[in-house]
Enquirer: 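Below you'll find the structure I mean.
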Amino acid sequence: MSYIANTDKQRAEMLAVCGVKNIEELFRDIPADKRPKSFDLAEGKSELEVVAQLTKMAASNYTHLVNFVGAGFYDHFIPAAVDALASRSEFYTAYTPYQPELSQGTLQSIYEFQTDMCRLTGLDVSNASVYDGGTALYEACQMAIAQTGRRRIVLDGGVNPIYRTMLKSYTKNLDIEFVEIAVSHGQSDRAALANAMNEDTAAVILQNPNFFGAIDDHTDIAEMCHAKGVLAVQSVYPLALSLIKSPGECGIDIATGEGQSLGIPLSFGGPYLGFMCARKELSRRMPGRIVGRTVDTEGREGFVLTLQAREQHIRREKAISNICSNEALCALRAHVYLSLLGKEGLKDAAELCLQKANYAKIRLEAVSGVEVMKSSPIFNEFTIRINKDAGDVVGALIEHGFAGGFPLGRYYPGMENYLLIAVTEKRSKREIDQFVAALEEVLCQ
Amino acid sequence: MLIESVVLKMTIIYKKSVVGRRGVTLPKCDVPTKSVIPEKFLRKTDTGLPELSELDVVRHFTGLSRRNYGLDTNFYPLGSCTMKYNPKVAEKIAALGGFADLHPLLPQLRNGGALTQGALAVVYELEQMLNEICGMSAFTLQPMAGAHGELTAMMMIAAYHRKKGNRKNVVLIPDEAHGTNPASAAIAGFEVRTIPTNPETGALDVEALRAHVDEHTAALMLTNPNTLGLFNADIGRVSDIVHAVDAQLYYDGANLNAVLGKFRPGDANFDAVHVNLHKTFATPHGGGGPGSGPVGVRKHLEEFLPVSRVVKRTDGTLALDYDYPESIGYIAPFYGNFGVCLKAYAYILLLGRQGLIDVSENAVLNANYVMHSLKDHFDIPYVNRPCMHECVLTAAKQTTNGVHALDVAKGLIDRGYHPPTIYFPLIVKEALMIEPTETESRETLDGFIAAMKDIADKAASDPDSLHKAPVTTPVSRLDETRAARSMDLIYKE
């Protein structure tokens, strides 16, 4: 398959315009001893053949399992209009909106997305997105370090361990100290956090609901932070924010999160959507693209990329971040999703998650060999302790047609018998009942 | 006229909200409901998200899309961005349920690799293909953008020097490099020093490089062909100078579209490389992302690659492997922007070996054709040698009439074209960086060339018409100073 339009005749005429005899003359600057030693790839295939090959590969993946795995990445319903609108090629084949007169569609959608995210989080400013929830959290750490001039970060043990691992990778070559505080009875350990905060601390990083599924009210922790000149950062689950206390209501300074739950497919780990919101005072510390509203020469309303003096193409090594792109198409999906569900629909989706997860929790409490961790209220995910190795149990549940949860032993040594179970609005009562029965059977074996 | 008025009259979606309107009906709750979250954990105020019907939403975004210009609209010669045609079949493949609905944690469950063999094969095989294309020994698909790839490689180079006990803290970068290079090196913890370009050759000044390289040099980041669109034939000497002090040579693959099958960074002793799948391998740019910036390395850096890695076991099945103690760790939550990688994988399968060679040959021919067709109308700093996939013109000549690169760009908009990259590279005044790509036909290029010539004529005869441009778009030039000052970043009632 080739997507090249020019014919041999046209190429010959064009070569003549360039004053060369053949195409190879145009490559004469590449020295002979630097030419490829090998370029051994299969020859091209037709569209028909490639679709057949990839359809077969797609079919070999177990997407038919009834999914109870979450751990920060969830199987939510996506209305068809999200795909239809994000598939308009005027959006998806455009580049970063450097020429605003040709990019009002992208720019307005980002401005509206920034508005959505600020309304959800209860904060003042948002950027146009970063790569994912983990990089958003890392960028929040850098904002806090720049703002406070301090280099110590206190990390709550309820923060997604995938993100905690990412933070440590990113900062291995930097002079930044991380202090981790284990959760106590599933919630942020106030006393230990207070103890860990000192005059060198830039930020305390929290997550709500936390990785174990527990909902918390971090208002008191934000107050403790502010008393010591520390920034309070919270990683959030945006879908849950239609029900639970927003970062703004808790006094949080920077909220970040993974936007995958807002109309973005799981797609084996990406592309996803990192979002970042903050109080107004921090807006010039915000990395990534930001869109602002202005007027044109005729006084008409329009949108542009703004505050670009922060960015790498202007500031080079003095830029506050190296981030150049955002996840604009994913942000567009999230914005379409939020517009379709709207104020009430998002609450309904969250309420369905909440009720179904709580139903599953109640059903599992009755299963012998299962202890449900219930020191805190939950949103759509919760932790159970079982009388067998959770990894083995999940392996056995696959035979019954279930992706039965995420075994916590992978990230928490000593928690080999703990299983994290997520329930979204897509799970029916029947599926939950069958799952409970399958787990019961596996545990009795 | 009716249609124009729809496009011109866009309002903020929040202004269209009507209390009580719904766009989506969710299933009725089929489990017993009860109030389960105590009051103190609940949100006190509504989110204030808009309330719209599905049709309201469809019309809003259709309207917005019509105020946007994509590659499918017309020619998009944005230099350094490789705006080539994005095959539609790749979108279809990425949307297949077996990929789009796949949870990334499935292969991390016990024996879970068996549940995702198809997806792991995409990762494994694409890594192998990129190894062969770039001449490297191992690739990771984790980096989620080009700049993210640069950062990943800089983190690996830091780990390499740390392990060897090298006290190296300086990264050298040419003055013509993309802005992300210095930013990525600085964010990885390095000090950045800038190496000048030799104005005669348009390439890195090798003597200046020699003067800057010392025991503190950790790496040199090089783009080849560089941002002037020129191939640096001195690469052998550059490699010797850098490697003499055990510094690492980094290849910024932003311009790889010029050299497929013609040059492989690995063969020229580049130690690490990133490629932009959203440029060379035809995945769409999405209005600014998502992209994907896989990183390839030579053998001695392999142990530092991010985990997880996909490995082939003796029985031929694929599995995730985390057992690399020297690894820099996770730089993405999972396996990178898989949906993007999948499109690039399909693209390479479609084109194959000869198809990829044809890409670079036609990309370079198209760029030289544009350059030679415009040399009488615009100054071109390095017109006497072939350019690679892009050519850099300057509007310096036009400034005598008060017409700048920005005015040329806006004039192109009124003639139906997306402008080239302007004012970059920084070392060329009034730069116009044109990258036509291989998928554009001669007719399209001729149309663009005619528009550029018309603009050059207007710069002499009627410069004011260019200062006023664009006049054919829904908005004219926007007040960026006002935007930065007023900081109207979210809609408020």
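These figures come from a predicted structure and were not determined experimentally. Every chain is numbered from 1, with letters handed out A, B, ... down the list of sequences.
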Enquirer: Assess the residue pair A:Glu249 and B:Lys44 against the criterion (salt bridge (Lys or Arg N to Asp or Glu O under 4.0 Å)); give the C-alpha distance rounded to whole Å, side-chain angles, the decisive distance to 0.1 Å, and a yes or no.
Expert: CA-CA 8 Å; A:Glu249 288 173 328; B:Lys44 301 288 177 285; over 6 Å; no
Enquirer: Of the backbone (N, CA, C, O) and the side chain (C-beta and beyond), which part of A:Asp116 lies under 4.5 Å from a heavy atom of chain B, both, or neither?
Expert: both
Enquirer: Any chance you could lay out the ring-ring contact (aromatic ring centres under 6.0 Å, His included) test for A:Phe268 and B:Phe99, step after step, and finish with the verdict?
Expert: CA-CA 7 Å; A:Phe268 204 51; B:Phe99 294 124; 8.7 Å; no
Enquirer: Does any backbone or side-chain atom of A:Ile162 lie under 4.5 Å from a heavy atom of chain B? Answer side chain, backbone, both or neither.
Expert: both
Enquirer: So, A:Ser126 versus A:Gln114: side-chain donor-acceptor pair below 3.5 Å or not?
Expert: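 A:Ser126 vs A:Gln114: no donor-acceptor pair found between side chains.
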Enquirer: Select one option (side chain, backbone, both, neither) describing which atoms of B:Leu356 are under 4.5 Å from chain A's heavy atoms.
Expert: side chain
Enquirer: Does any backbone or side-chain atom of B:His148 lie under 4.5 Å from a heavy atom of chain A? Answer side chain, backbone, both or neither.
Expert: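 It is both, since atoms from each part get that close.
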Enquirer: Side chain, backbone, both or neither: which part of A:Asp40 has an atom under 4.5 Å from a heavy atom of chain B?
Expert: both
Enquirer: Tell me, side chain or backbone of B:Ala188 under 4.5 Å from chain A's heavy atoms, or both, or neither?
Expert: backbone
Enquirer: In plain terms, say whether B:Lys410 and A:Glu101 are close enough for a salt bridge, that is, a side-chain N and a carboxylate O under 4.0 Å apart.
Expert: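 Looking at A:Glu101 together with B:Lys410, the answer is yes, because their closest N to O distance falls below 4.0 Å.
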Enquirer: Which bit of A:Leu340 comes within less than 4.5 Å of chain B, counting heavy atoms only: side chain, backbone, both or neither?
Expert: both
Enquirer: Pick one of side chain, backbone, both or neither for B:Phe41, based on which atoms fall under 4.5 Å of a heavy atom in chain A.
Expert: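 Answer is both: backbone and side chain atoms of B:Phe41 are under 4.5 Å from chain A.
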Enquirer: So for B:Asp358, is it side chain, backbone, both, or neither that comes closer than 4.5 Å to the heavy atoms of chain A?
Expert: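 Both the backbone and the side chain of B:Asp358 come within 4.5 Å of chain A.
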Enquirer: Quick one: what part of B:Arg162 sits under 4.5 Å from any heavy atom of chain A, side chain, backbone, both or neither?
Expert: side chain
Enquirer: Between A:Ala42 and chain B, with a heavy-atom cut-off of 4.5 Å, which part of the residue counts as in contact: side chain, backbone, both or neither?
Expert: backbone
Enquirer: When heavy-atom pairs shorter than 4.5 Å are enumerated against chain A, which of B:Ala159, B:Ala186, B:Ala346, B:Ala100 gives the highest number?
Expert: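 Answer, by heavy-atom pair count under 4.5 Å with chain A: B:Ala100.
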Enquirer: Less than 4.5 Å to any heavy atom of chain B: does that hold for the side chain of A:Cys118, its backbone, both, or neither?
Expert: side chain
Enquirer: Should the pair A:Arg293-B:Asp488 be classified as a salt bridge under the 4.0 Å nitrogen-to-oxygen rule?
Expert: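 So A:Arg293 pairs with B:Asp488 through a salt bridge.
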Enquirer: Of the backbone (N, CA, C, O) and the side chain (C-beta and beyond), which part of A:Arg28 lies under 4.5 Å from a heavy atom of chain B, both, or neither?
Expert: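 Side chain only.
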Enquirer: Measure distances from B:Leu106 to the heavy atoms of chain A and classify the residue's part below 4.5 Å as side chain, backbone, both or neither.
Expert: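 Only the side chain of B:Leu106 comes within 4.5 Å of chain A.
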Enquirer: Please look at B:Leu109 and chain A and tell me whether the side chain, the backbone, both or neither of the residue comes under 4.5 angstrom of a heavy atom of that chain.
Expert: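 Looking at B:Leu109, just its side chain touches chain A.
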Enquirer: Side chain, backbone, both or neither: which part of B:Asp479 has a non-hydrogen atom closer than 4.5 Å to chain A?
Expert: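 The answer is both parts of B:Asp479.
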Enquirer: Have B:Thr47 and A:Ser242 got a donor and an acceptor in their side chains that come within less than 3.5 Å?
Expert: no
Enquirer: B:Phe334 vs A:Phe73 aromatic rings, parallel, tilted or perpendicular, using cut-offs 30° and 60°?
Expert: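 It falls in the perpendicular class, over 60°.
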